[in-house]
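In this text the structure is predicted, and so the values were computed from the model without any measurement.
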Amino acid sequence: MNFLYLDPGLLSNIGHSAFSCRHITGEMKRRGINTYVLAHKDIQADVRKELNAESFFTCYTWSTYSPLPGGIVDPFCGWLNDFEIGWSNMRGDLEKIRGVTAEDVVYVNSVRAPQVMAVWSWFTQTPLNRRPRVFLEFGNSLNVSLSGKGVTWIPDPMNDSMPTLLRYIGLKMRKEDQARFKLATFATKSSNAYSKLMEYPVVTLPLPHRAITDCHSRVGKRIKTVAVIGQQGWNKGYQHVPQFATQLLAQRNDVRLLIHNNIPNNMARDHGLIRALAAADTRITVNEQFADAELWSYLLNESDLLVCPYHAKTYSTSYSAVASEAMANAIPLIAPADSTLSDVLEEFNTPGATFSEFTSQSVLEAILKVLDDFDNAAERATLAARQWEATKGAGNLVDVFLGGQGPRRESPENPNLEVALEGVSQLTH
């Protein structure tokens with residue numbers, strides 16, 4: 001069999017795409033399974049080399065496209081133009097894939113409506129006896145209102161087209177597709193929301209993240225490093241960081257702060273305040289580098305308490321890679337209540353605390369609560385990391401992809417894998 005990892009959003013080390021690819025394809029390769037990574041055509045050279053990825057897809061997952069001169073977006077149907085361009089271009093890209101069989105598995109990372117439409121069209125037009133097993137994972141928030149019976153409200157598509165488009169696609173799908181064409185998320189609440197919207201089953205997959213540090217215990221730490229790491233933005237509460245950082249350092253002499261923001265210009269004003277704080281207080285370390293595998297492991301290893309000051313509504317149907325990394329690597333966590341992050345915390349006996357309001361004060365109170373009883377939180381975090389591998393991580397995810405066939409095993413890479421990767425043009429052209 002072959003495993004095809006498809007991600008039109010895989011472009012660089014910014015965001016979660018490269019990390020998901022490392023975890024998932026790394027596990028496949030450890031099992032000796034021929035693995036092909038098809039990324040965006042403009043993937044950065046260093047990331048492409050590391051992941052053995054092919055420059056392939058013409059439309060980037062997170063961009064918009066317009067057929068009008070100068071890229072002008074039509075005020076009424078621009079969302080529909082964008083959808084048509086996105087899915088038809090990806091459909092054309094998929095036509096270049098040759099020789100896929102029913103033994104193969106295809107995984108598409110963090111899809112939106114254009115990717116779903118493209119892959120479903122490609123899948124249904126593949127002869128029945130050659131259709132691979134396909135998994136499409138939704139990684140972004142879904143703006144809808146639900147009741148026990150189903151969807152009660154979706155936004156105007158001129159403001160947010162994704163729910164309308166996904167509903168449109170879902171109603172096209174057939175019951176006979178379900179055996180080999182799987183829609184999926186990494187959180188039960190998310191799966192429930194997408195399933196009700198699309199009226200098509202959506203499965204919940206094990207989170208792919210696994211320990212990438214030594215998972216050392218933080219129990220007994222005298223000086224604790226409170227960390228905010230990853231790609232920052234408004235929905236990640238970065239605007240709250242300067243204020244709670246100032247108050248935290250004023251109230252506690254047993255903490256340091258580690259602030260990582262790999263795109264400082266996205267939140268320039270707030271990041272400027274953090275730079276000013278760091279210039280005045282040596283207890284603050286600011287890192288603005290793109291996080292490759294080595295740097296990300298270092299950042300996690302240095303963190304004693306990971307703070308995710310995220311917007312709860314945004315993360316009610318969207319998982320957090322950072323929260324998952326915290327659990328997998330034995331790091332206590334601060335997360336918003338009523339979110340997928342708090343669900344993960346509760347599942348692993350709450351090695352941390354939640355905040356109830358999207359304010360700096362509410363986040364600060366949660367941080368102080370954990371610091372006041374830090375050893376207990378650290379002990380629970382160590383236990384969570386031990387338990388994580390039993391139900392989560394790339395090993396359990398790959399078990400799902402393989403349908404439970406074959407043992408979970410560590411093995412040398414397939415000696416033919418390099419040849420297969422060099423020969424990917426034979427598979428894809």
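- With respect to E199 and K172, no salt bridge is recorded, no charged nitrogen being found less than 4.0 Å from a carboxylate O.
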Let's go through N266 and W234 carefully: what are the C-alpha distance in whole Å and the side-chain angles of both, what is the deciding distance for side-chain hydrogen bond (donor to acceptor under 3.5 Å, both in side chains) to 0.1 Å, and is it a yes or a no? CA-CA 9 Å; N266 275 4; W234 179 89; over 6 Å; no

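- Across all non-hydrogen atoms, the minimal contact from A118 to L94 is O-CD1, 3.8 Å.
- A donor-acceptor pair is defined here as one N or O able to donate and one able to accept, closer than 3.5 Å; such a pair exists between the side chain of N329 and the backbone of T213.
- Going from atom CD1 of I43 over to atom CG of L51 covers 6.0 Å, rounded to the nearest 0.5 Å.
- Between P67 and N81, the closest heavy-atom pair is CD-CB, 3.6 Å.
- Taking CG of L80 as the start and CG of D74 as the end, the distance is 10.0 Å to the nearest 0.5 Å.
- Closest non-hydrogen pair, N13 versus A18, comes out as OD1-CB, 3.7 Å.
- When all heavy atoms are compared, the tightest approach of L207 to Y319 is CD2-CD1, 3.6 Å.
- The OH atom of Y238 lies 12.0 Å from the OH atom of Y310; values are rounded to the nearest 0.5 Å.
- Taking the six-membered ring for Trp, Y107 and F135 have ring centres at least 6.0 Å apart.
- Q115 places a side-chain N or O within donor-acceptor distance of the main-chain N or O of R112, the cut-off being under 3.5 Å.
- Side-chain contact between Q243 and L273: absent, with no pair of heavy atoms (C-beta onward) separated by less than 4.5 Å.
- At most 12 non-hydrogen atoms from other residues, nucleotides or ligands lie less than 6.0 angstrom from CG of N253.
- Using a distance-only test at 3.5 Å, with no hydrogens or angles considered, a donor-acceptor pair links the side chain of D375 to the main chain of G220.
- The local environment of OH in Y168 is sparse, with at most 12 non-hydrogen atoms from other residues, nucleotides or ligands closer than 6.0 Å.
- S362 places a side-chain N or O within donor-acceptor distance of the main-chain N or O of E357, the cut-off being under 3.5 Å.
- Side-chain atoms of R252 do not come within 3.5 Å of backbone N or O of A250 as any donor-acceptor pair.
- Among residues at least two apart or in separate chains, there is no ring-ring contact (aromatic ring centres under 6.0 Å, His included) pair with a member in residues 323-343.
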Apply the test side-chain contact (heavy atoms from CB on, under 4.5 Å) to residues R386 and F348: give CA-CA distance (whole Å), side-chain angles for both, the deciding distance (0.1 Å), then the verdict. CA-CA 10 Å; R386 292 173 187 161; F348 290 91; over 6 Å; no

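- Partners of K221 under the side-chain hydrogen bond (donor to acceptor under 3.5 Å, both in side chains) rule, at least two apart in sequence or in another chain, are D304.
- Salt-bridge annotation for R218 and E379: absent, with no side-chain N of the basic residue lying under 4.0 Å from a carboxylate O of the acidic one.
- With a 4.5 Å cut-off on side-chain heavy atoms, T64 and I85 do not count as touching.
- Note that OG1 of T246 and CD of Q251 are 11.0 Å apart. Values are rounded to the nearest 0.5 Å.
- Counting only N and O atoms by type, the side chains of D93 and T58 include a donor and acceptor under 3.5 Å apart.
- Between H240 and F358, a ring centre-to-centre spacing shorter than 6.0 Å is recorded.
- Rounded to the nearest 0.5 Å, atoms CG (L300) and CG (D214) are 11.0 Å apart.
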side-chain hydrogen bond (donor to acceptor under 3.5 Å, both in side chains) between S191 and T185: does it pass, once the steps are laid out? CA-CA 6 Å; S191 295; T185 80; 2.7 Å; yes

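- Atom CD of Q239 has more than 12 neighbouring heavy atoms from other residues, nucleotides or ligands inside a 6.0 Å radius.
- For the pair K224 and D254, the salt-bridge criterion is met [side-chain N within less than 4.0 Å of a carboxylate O].
- Looking at R31, its side chain does come within 3.5 Å of a backbone N or O of G395 through a donor-acceptor pair.
- Taking the side chain as every heavy atom from C-beta outward, V116 and F138 approach each other to under 4.5 Å.
- For E137 (side chain) and S110 (main-chain N/O), a donor-acceptor pair under 3.5 Å exists by modelled atom type.
- Within the 3.5 Å criterion, the main-chain N or O of S147 finds a donor-acceptor partner in the side chain of K196.
- For an aromatic pair to be called close, the ring centres must be under 6.0 Å apart, and H209 with W388 fails this.
- Side-chain contact check for I97 versus L4: some heavy-atom pair is nearer than 4.5 Å.
- Counting only N and O atoms by type, the side chains of R256 and T225 include no donor and acceptor under 3.5 Å apart.
- Within the 4.5 Å cutoff, no side-chain heavy atoms of K313 are placed close to those of N235.
- With values rounded to the nearest 0.5 angstrom, Q231 atom CD is found 9.5 Å from F290 atom CZ.
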Got a list of side-chain donor-acceptor pairs under 3.5 Å for residues 149-166, not counting sequence neighbours?
unit_1: T152; atom_1: OG1; unit_2: S145; atom_2: O; d: 3.2
unit_1: D156; atom_1: OD1; unit_2: M158; atom_2: N; d: 2.8
unit_1: D160; atom_1: OD1; unit_2: M162; atom_2: N; d: 3.3

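- Other residues, nucleotides and ligands place more than 12 heavy atoms under 6.0 Å from the CZ atom of F123.
- Using a 4.5 Å heavy-atom cutoff, the side chains of K236 and Y315 are in contact.
- In this structure, the side chain of N396 engages the main chain of E389 through a donor-acceptor pair within 3.5 Å.
- A salt bridge links R91 with E95: at least one charged nitrogen is closer than 4.0 Å to a carboxylate oxygen.
- Taking the six-membered ring for Trp and thresholds of 30 and 60 degrees, F19 and W296 have ring planes inclined between 30 and 60 degrees apart.
- Judged purely by distance below 3.5 Å, without hydrogens or angles, the side chains of S141 and T314 never pair a donor atom with an acceptor atom.
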Does the side-chain hydrogen bond (donor to acceptor under 3.5 Å, both in side chains) test come out yes or no for H271 and E288, once each step is laid out? CA-CA 10 Å; H271 193 67; E288 299 175 356; 2.7 Å; yes

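- The number of heavy atoms from other shown groups lying within 6.0 Å of CG (D338) does not exceed 12.
- Taking the charged nitrogens against the carboxylate oxygens, R210 and E325 have no contact shorter than 4.0 Å, which rules out a salt bridge.
- Looking at every heavy atom in both residues, T61 comes nearest to G9 through OG1-N, 3.0 Å.
- Put simply, the side chain of Q232 gets close to the backbone of G230: a donor and an acceptor are under 3.5 Å apart.
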Can D7 and S17 be said to form a side-chain hydrogen bond (donor to acceptor under 3.5 Å, both in side chains), step by step? CA-CA 8 Å; D7 188 356; S17 284; 3.0 Å; yes

Check against salt bridge (Lys or Arg N to Asp or Glu O under 4.0 Å), D343 and K189: CA-CA 9 Å; D343 290 344; K189 286 180 180 176; 3.5 Å; yes

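- Annotation: side chain of M267 is not in contact with side chain of V241 (no heavy-atom distance under 4.5 Å).
- Separation of the Y36 and F3 ring centroids does not fall under the 6.0 Å cut-off.
- The two residues Y65 and S63 come nearest to each other via the heavy atoms OH-CB, 3.6 Å.
- Between L183 and V203, the closest side-chain pair of non-hydrogen atoms is not below 4.5 Å.
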